[in-house]
Amino acid sequence: MEKRITTPLTAEKVKDLRTGDTVLLSGVIYTARDAAHKRLCELLEKGEKLPFDPKDQVIYYVGPAPAKPGKVIGSAGPTTSYRMDAYAPALIREGLKGMIGKGKRSDEVRETMKECTAVYFGAIGGAGAVLANSIKKAEVIAYEDLGAEAIRRLEVEDMPLFVIMDCYGGNLYESGRKEYLESVKK
Amino acid sequence: MKEISAEDITSVIRRLCMEANSYLPDDIKGKIATCRMTETWNLAKNILGVIEGNFSVAENDFVPICQDTGVACVFLEIGQDVHINGNLREAVDEGVRQGYTDGYLRKSVVKDPLDRVNTGDNTPAMLYTEIVPGDELKITVAPKGFGSENMSAIKMLKPSDGIEGVKKFILETVENAGPNPCPPIVVGVGIGGTFDKAALLAKKALMRSTDVRNEDKLYADLEEEMLEKINALGIGPQGVGGATTALAVNIEKMPTHIAGLPVAVNINCHVARHRSAVL
């Protein structure tokens with residue numbers, strides 16, 4: 001099913017999403033990848049305030065290419081999510097409701113998603129030029145020294161995503177493959 | 001003796017870095033188009049459609065196909081009758097620096113693998129030089145993304161493992177990678193040599209057109225068989241299920257030691273970039 005979703009992403013909206021749904025996401029989202037996640041979790045450990053409040057927010061695992069003159073942002077497709085697995089549960093516990101990336105997640109992340117009602121979206125890896133077109137505004141809000149890895153506040157419009165893991169334990173990487181293989185056997 | 005200036009090398013590498021990141025080789029585009037036609041799984045078909053559309057946007061707007069514009073792997077085949085005026089290493093890095101800066105490409109290289117501070121200009125290049133007969137200099141730039149590089153693997157098999165052991169290891173590596181390396185992938189395999197040579201062969205295999213099979217029939221058949229076996233896994237584009245997990249398996253081989261059977265599997269995503277020029 002195709003669903004239009006606007007951030008902030010409340011638990012109610014998350015509960016409505018199912019593995020395999022295609023989603024057009026609009027609103028504000030935040031970027032963070034390896035280095036930014038490390039810093040965010042160091043702040044949490046010290047009990048300090050994060051550069052943005054993760055409550056009901058979505059983090060996009062991306063390190064965009066620099067913007068060409070006249071463009072909002074450079075190519076901006078997802079990076080592989082498992083590298084953020086060590087940090088994601090702490091952020092989900094702080095209220096983070098959505099993650100956008102590609103690839104497998106750890107059991108711990110999946111359990112925390114179930115427990116705290118969060119969703120994992122997939123964006124098409126390698127389709128960075130097309131995905132950049134759904135980003136209407138981009139602004140660095142923290143860790144400018146990290147360059148591509150800085151935290152950016154993005155405003156997106158109809159960003160094409162699909163639900164890989166929902167808050168009920170569904171996993172498209174398992175079910176999609178299984179259903180496809182069954183369809184071939186028939 | 002032919003004289004080639006370091007400045008000319010810099011300017012060619014600058015151009016190749018930019019072009020390789022926006023223009024995909026025709027064989028890859030052709031393979032994606034064919035797979036989209038034959039793919040039976042709906043979501044998989046849609047994803048292949050978006051991937052094709054993305055190639056057009058990148059080409060028309062001259063922006064990178066993928067934001068991971070990679071580490072610049074630079075291969076130089078230097079004719080033995082060529083003399084280079086100037087510092088070759090610096091000329092190559094200057095080309096990468098200019099290409100990635102002027103081309104608005106992402107700088108993805110850290111100076112130290114543990115300290116992890118970005119070099120800020122995507123240097124140094126991963127530089128390979130080879131001396132060949134003749135008086136030409138062939139330059140190939142292959143920007144390599146790490147989503148797929150991280151899913152690559154190498155194993156020192158025993159001679160008794162034989163061809164079945166090789167098949168098992170290739171299949172296992174692709175299966176373990178699953179959705180992570182952005183399938184549909186191109187699988188580069190290096191068999192033989194030493195630990196390091198097998199890895200280099202696997203990388204070089206990714207540089208060969210996916211329309212060309214190994215000239216040795218045994219290996220050409222192995223390429224075909226492995227492509228079929230990989231696509232029967234059902235991983236599909238982006239791992240959502242489907243018939244299109246790999247676009248091609250390219251294998252390179254070389255002589256090896258009586259005691260060994262090194263096998264390296266270097267995975268590339270569908271953005272299988274490389275571009276060459278001859279000076």
Side-chain angles (χ1 to χ4, degrees), chain A residues 19-22 33-35 38 62-71 73-83 101-105 122-133 145-149 160 162-164 171-185, chain B residues 21-22 40-41 43-44 46-47 50-51 53-69 100-101 103-108 110 116-118 120 145-148 150-151 177-184 232-243 245 269-271:
Chain A
T19 287
D21 285 350
T22 52
R33 42 173 293 154
D34 309 56
K38 187 164 183 271
V62 60
K68 278 196 158 182
K71 293 242 179 197
I73 198 164
S75 295
T79 194
T80 325
S81 308
Y82 73 92
R83 298 193 316 272
K102 56 143 175 134
K104 296 180 249 192
R105 307 306 305 259
I124 297 179
V130 159
L131 284 162
N133 286 341
D145 62 297
L146 294 178
E149 293 203 68
F162 45 96
V163 177
I164 299 174
N171 178 1
L172 186 62
Y173 295 140
E174 286 162 11
S175 59
R177 186 175 171 191
K178 196 169 151 239
E179 284 162 28
Y180 162 74
L181 287 172
E182 277 163 10
S183 81
V184 184
K185 257 188 239 160
Chain B
N21 270 298
S22 294
T40 54
W41 198 237
L43 182 52
N46 293 346
I47 287 173
V50 175
I51 286 174
N54 186 63
F55 294 157
S56 310
V57 172
E59 225 172 275
N60 296 336
D61 296 357
F62 199 45
V63 294
I65 304 161
C66 176
Q67 76 292 336
D68 185 355
T69 51
Y100 275 74
T101 307
Y104 296 89
L105 305 177
R106 197 180 78 183
K107 288 78 182 172
S108 312
V110 294
R116 308 204 71 83
V117 177
N118 200 298
F146 254 58
S148 55
N150 279 337
M151 294 297 116
N180 291 5
C182 290
L233 291 173
I235 294 168
Q238 301 292 309
V240 302
T245 302
C269 59
H270 54 88
V271 190

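Because the structure is predicted, anything quoted here is derived from the model rather than measured.
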Closest approach of A:Gly176 and B:Trp41, non-hydrogen atoms and distance?
->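 Closest approach of A:Gly176 to B:Trp41, heavy atoms only: O-CZ2, 3.9 Å.
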If every non-hydrogen atom of B:Val57 is compared with every non-hydrogen atom of A:Ala129, which pair is closest and at what distance?
->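 What the structure gives for the nearest pair is CG1-CB, 3.9 Å.
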Rounded to the nearest 0.5 Å, how far apart are CD1 of B:Ile235 and OH of A:Tyr180?
->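 Output value for this atom pair is 11.5 Å.
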Given the options [options], which has more heavy-atom pairs under 4.5 Å with chain B than any of the others?
options                               : answer
A:Gly103, A:Gly147, A:Ala132, A:Pro78 : A:Gly103
A:Arg83, A:Glu174, A:Lys178, A:Lys102 : A:Lys102
A:Ala35, A:Ala65, A:Pro66, A:Gly128   : A:Pro66
A:Ser81, A:Ala148, A:Pro69, A:Gly20   : A:Pro69

Name the region of B:Thr40, side chain, backbone, both or neither, that has any atom closer than 4.5 Å to a heavy atom of chain A.
->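 Contact with chain A: side chain only.
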Below 4.5 Å from any heavy atom of chain A, which atoms of B:Leu105 appear? Answer side chain, backbone, both or neither.
-> backbone
Looking at [Y], is its backbone amide N or carbonyl O close enough to the side chain of [X] to form a donor-acceptor pair, meaning the two atoms are under 3.5 Å apart?
X        : Y        : value
B:Gln67  : A:Gly74  : no
A:Lys68  : B:Phe62  : yes
B:Arg106 : A:Gly63  : yes
B:Asn180 : A:Lys104 : yes

Heavy-atom distance under 4.5 Å to chain B: side chain of [X], backbone, both or neither?
X        : answer
A:Glu179 : both
A:Ala127 : both
A:Leu172 : both

Going by the side chain to side chain contact (heavy atoms under 4.5 Å, CB included) test, name the single residue among A:Leu131, A:Asn133, A:Val130 that passes it with B:Asn54.
->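 Going through the options one by one, the only one that passes is A:Val130.
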Quick one: list whatever passes side-chain hydrogen bond (donor to acceptor under 3.5 Å, both in side chains) with A:Asp21, sequence neighbours left out.
->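 A:Lys3.
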Tell me which of these, [options], has more heavy-atom pairs under 4.5 Å with chain A than the rest.
options                                : answer
B:Ala232, B:Gly242, B:Ala243, B:Pro237 : B:Gly242
B:Val63, B:Leu43, B:Val271, B:Asp68    : B:Val63
B:Pro179, B:Cys269, B:Cys66, B:Pro183  : B:Pro179

Taking the side chain as C-beta and beyond, is there a heavy-atom pair between A:Phe162 and B:Asn46 under 4.5 Å?
-> no
Check whether any side-chain heavy atom of A:Ile124 lies under 4.5 Å from a side-chain heavy atom of B:Ile51, and answer yes or no.
->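 In short, these two side chains touch, coming nearer than 4.5 Å.
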Stepwise salt bridge (charged side-chain N to carboxylate O under 4.0 Å, His left out) check, A:Lys71 with B:Asp61 | CA-CA 11 Å; A:Lys71 293 242 179 197; B:Asp61 296 357; 3.2 Å; yes
